[in-house]
Amino acid sequence: MDFHEKVVWITGASAGIGEALAQAFARQGARLVLSARNEAELRRVQAACAPAEALVLPLDLAAPETFAAAVAEVQARFGHVDILINNGGISQRSLALETRLEVDRRLMEVDYFGPVALSKAVLPGMLARRAGRIVVVSSLVGKFGTPYRSAYAAAKHALHGFFDSLRAELYASGVGVTILCPGFIRTGVSVNALTGDGQALGQMDEATAKGLAPADFARQALRVIAQGRDEATIGGRETWGVLLKRLAPGLFARVLRRARVR
Ligand SMILES: NC(=O)c1ccc[n+]([C@@H]2O[C@H](COP(=O)([O-])OP(=O)(O)OC[C@H]3O[C@@H](n4cnc5c(N)ncnc54)[C@H](OP(=O)(O)O)[C@@H]3O)[C@@H](O)[C@H]2O)c1
């Protein structure tokens with residue numbers, strides 16, 4: 001797939017992976033819709049994407065009642081959406097028992113129901129044109145749960161269930177589904193991660209700090225999307241965990257027990 005002139009809508013475009021994806025698509029001549037809550041940061045990313053055309057469209061993933069109007073705004077500006085990238089999200093750094101249920105629910109709202117609702121809002125337009133791709137940024141934690149990530153892992157696993165089903169339903173419709181599973185990527189994800197009482201952690205993880213640069217992630221992600229692949233893991237050695245879990249689940253469980261990445 002050639003991204004020139006394609007309309008690419010990216011959530012979580014105000015920082016980190018979403019910002020890097022926006023810049024990578026801009027370099028390929030795509031037309032962008034940049035969404036997240038922080039409008040000032042979206043404007044900064046818009047300027048960094050110039051001369052590519054980019055619509056700043058503030059959106060809260062926990063407010064699905066606003067999505068129909070957002071889709072109408074994109075429709076009015078660009079006429080259609082070629083690629084929706086469900087990237088916006090928040091992580092978690094707290095033990096399950098020390099996490100308030102409101103925090104479990106908040107993570108499900110933003111990380112699961114947000115992408116599901118936005119995809120449902122965008123899909124009819126793609127199906128009418130018999131063309132498009134829904135991309136979902138999950139996580140390695142969407143493939144296996146690790147300590148301190150119970151609700152986050154649940155939300156990311158749920159994405160796989162929903163979007164694998166959707167992909168099968170959309171077979172031969174002209175619309176594809178790609179799930180990306182990042183490992184450690186050097187962004188503010190741990191700084192913004194929720195702790196048990198719903199406050200942000202406010203600290204950079206060591207593993208995240210040593211992770212893949214967002215621009216490198218974006219370069220690999222664009223290749224995966226262009227190839228129309230169903231799913232891909234992108235990151236460092238931590239991505240081997242997916243294979244280890246499949247080939248040696250007992251050994252993998254012992255390794256995970258000792259993992260205290262917070
Ligand atoms: N970095 C990693 O190591 C890693 C690993 C696996 C998966 N991921 C996934 O990658 C995606 C991007 O994360 P990141 O690493 O780039 O982290 P980040 O730097 O914290 O960026 C998160 C993005 O999501 C947006 N966001 C958060 N809550 C939102 C809400 N309620 N509504 C709309 N947008 C919201 C933020 O923008 P606003 O605050 O402006 O709304 C920001 O643009 C997430 O889905 C994350 O789970 C990251």
Side-chain angles (χ1 to χ4, degrees), residues 9-24 33-46 56-67 70 85-93 103 105-118 135-146 149 151-160 163 179-194 198 200-218 220-221 232-236 238-239 241-242 261-262:
W9 187 351
I10 304 171
T11 69
S14 62
I17 287 176
E19 174 177 357
L21 286 171
Q23 294 195 22
V33 182
L34 306 175
S35 289
R37 292 164 304 174
N38 189 328
E39 186 169 351
E41 286 302 302
L42 290 174
R43 298 245 167 250
R44 181 185 59 75
V45 174
Q46 180 190 40
V56 165
L57 183 54
L59 179 134
D60 184 347
L61 286 167
E65 67 281 2
T66 64
F67 293 177
I85 306 196
N86 290 294
N87 163 74
I90 30 175
S91 190
Q92 176 193 13
R93 295 294 183 276
V103 177
R105 289 190 190 280
R106 170 86 186 150
L107 286 156
M108 286 304 284
E109 286 297 340
V110 175
D111 291 351
Y112 174 70
F113 286 110
V116 165
L118 191 58
V135 178
V136 184
V137 179
S138 170
S139 169
L140 284 186
V141 179
K143 307 293 282 180
F144 49 80
T146 61
R149 308 280 196 281
Y152 180 65
K156 294 295 191 184
H157 273 70
L159 288 174
H160 286 257
F163 284 98
I179 303 179
L180 302 173
C181 303
F184 294 117
I185 315 298
R186 211 183 313 139
T187 71
V189 70
S190 68
V191 177
N192 299 323
L194 301 186
L201 179 70
Q203 287 172 29
M204 178 65 111
D205 282 344
E206 203 185 319
T208 305
K210 289 182 183 156
L212 194 66
D216 291 335
F217 173 90
Q220 294 185 49
T233 55
I234 301 175
E238 67 278 7
T239 59
V242 176
V261 180
R262 353 182 8 171

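Just so you know, ligand 1 is whichever comes first in the structure, and atom 1 is the first atom listed for that ligand. Computed from a prediction, not measured in an experiment: that's the story for all the values here.
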Measure the distance from [atom] to every protein heavy atom, then report the residue, atom name and distance (to 0.1 Å) of the closest one.
atom                    : result
atom 19 (O) of ligand 1 : Gly188 N, 3.5 Å
atom 16 (O) of ligand 1 : Ile17 N, 2.8 Å
atom 7 (C) of ligand 1  : Ser138 O, 3.2 Å
atom 31 (N) of ligand 1 : Asp60 OD1, 3.0 Å
atom 32 (N) of ligand 1 : Leu61 N, 2.8 Å
atom 8 (N) of ligand 1  : Tyr152 OH, 3.6 Å

With rounding to the nearest 0.5 Å, note down the distance linking [atom1] in [X] to [atom2] in [Y].
X      : Y      : atom1 : atom2 : answer
Ser138 : Asn86  : OG    : CG    : 11.5 Å
Asn87  : Glu19  : CG    : CD    : 11.0 Å
Leu42  : Leu59  : CG    : CG    : 9.5 Å
Arg93  : Tyr152 : CZ    : OH    : 7.5 Å
Arg44  : Leu34  : CZ    : CG    : 11.0 Å
Lys156 : Leu107 : NZ    : CG    : 10.0 Å

* Using side-chain contact (heavy atoms from CB on, under 4.5 Å) as the criterion, point out the one residue from Ile234, Thr239, Ile17 that pairs with Pro182. =>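 It is Ile17, the one option of Ile234, Thr239, Ile17 that forms the side-chain contact (heavy atoms from CB on, under 4.5 Å) with Pro182.
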Is [X] close to ligand 1, meaning an N/O of one under 3.5 Å from an N/O of the other?
X      : answer
Ala36  : no
Gly12  : yes
Gly183 : yes
Arg37  : yes
Ile90  : no
Asn192 : yes
Ile185 : yes
Gly18  : no

Taking 4.0 angstrom as the limit and counting only heavy atoms of [X], give me the atoms of ligand 1 inside it, by number and element.
X      : value
Gly16  : 16 (O), 19 (O)
Ala15  : 19 (O), 43 (O)
Gly88  : 24 (O), 45 (O)
Phe184 : 3 (O)

* Hey, mind stepping through Asp111 and Leu159 against side chain to side chain contact (heavy atoms under 4.5 Å, CB included) and telling me if it holds? -> CA-CA 8 Å; Asp111 291 351; Leu159 288 174; 5.6 Å; no
[atom]: which of [options] has the nearest heavy atom?
atom                    : options                       : result
atom 44 (C) of ligand 1 : Val110, Val137, Asp205, Asn87 : Asn87
atom 24 (O) of ligand 1 : Gly89, Ser14, Ala40           : Gly89
atom 15 (O) of ligand 1 : Asn38, Asp111, Thr187         : Thr187

* Going by heavy atoms, is Leu59 under 4.0 Å from ligand 1? ->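 Yes; Leu59 lies near enough to ligand 1 that a heavy-atom distance drops under 4.0 Å.
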* If you measure from each heavy atom of Glu109 to ligand 1, is any distance below 4.0 Å? ->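 Heavy atoms of Glu109 never come under 4.0 Å of ligand 1.
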* To do: Before accepting this row, confirm whether a basic side-chain N of the pair Arg105/Glu109 lies closer than 4.0 Å to the acidic partner's carboxylate O.
  =>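 Salt bridge between Arg105 and Glu109, a charged N being under 4.0 Å from a carboxylate O: no.
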* To do: Would you check, one step at a time, whether the test side chain to side chain contact (heavy atoms under 4.5 Å, CB included) holds for Thr233 with Leu140?
  => CA-CA 7 Å; Thr233 55; Leu140 284 186; 3.9 Å; yes
* Considering residues at least two apart in sequence or located in another chain, which fulfil the side chain to side chain contact (heavy atoms under 4.5 Å, CB included) criterion with Arg106? ->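 Arg106 satisfies side chain to side chain contact (heavy atoms under 4.5 Å, CB included) with Arg37, Ala62, Ile90, Val110, Leu194 once adjacent residues are dropped.
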* Report the C-alpha distance between Val103 and Gln92 in whole Å, list the side-chain angles of each, state the deciding distance to 0.1 Å, and finish with yes or no for side chain to side chain contact (heavy atoms under 4.5 Å, CB included). => CA-CA 9 Å; Val103 177; Gln92 176 193 13; 5.5 Å; no
* Asked: Of all residues at least two apart in sequence or in a different chain, which pass the side-chain hydrogen bond (donor to acceptor under 3.5 Å, both in side chains) check with Asp216?
  ->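 Applying side-chain hydrogen bond (donor to acceptor under 3.5 Å, both in side chains) to Asp216 gives Arg219.
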* Okay, side chain of Glu238, backbone of Phe184: is any donor-acceptor separation there less than 3.5 Å? ->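 Yes, the answer is positive, given that a donor and an acceptor are paired below the 3.5 Å cut-off.
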* Asked: Which bit of Glu41 is near ligand 1, meaning a heavy atom under 4.0 Å away: side chain, backbone, both or neither?
  ->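 Under 4.0 Å from ligand 1, Glu41 contributes no heavy atoms.
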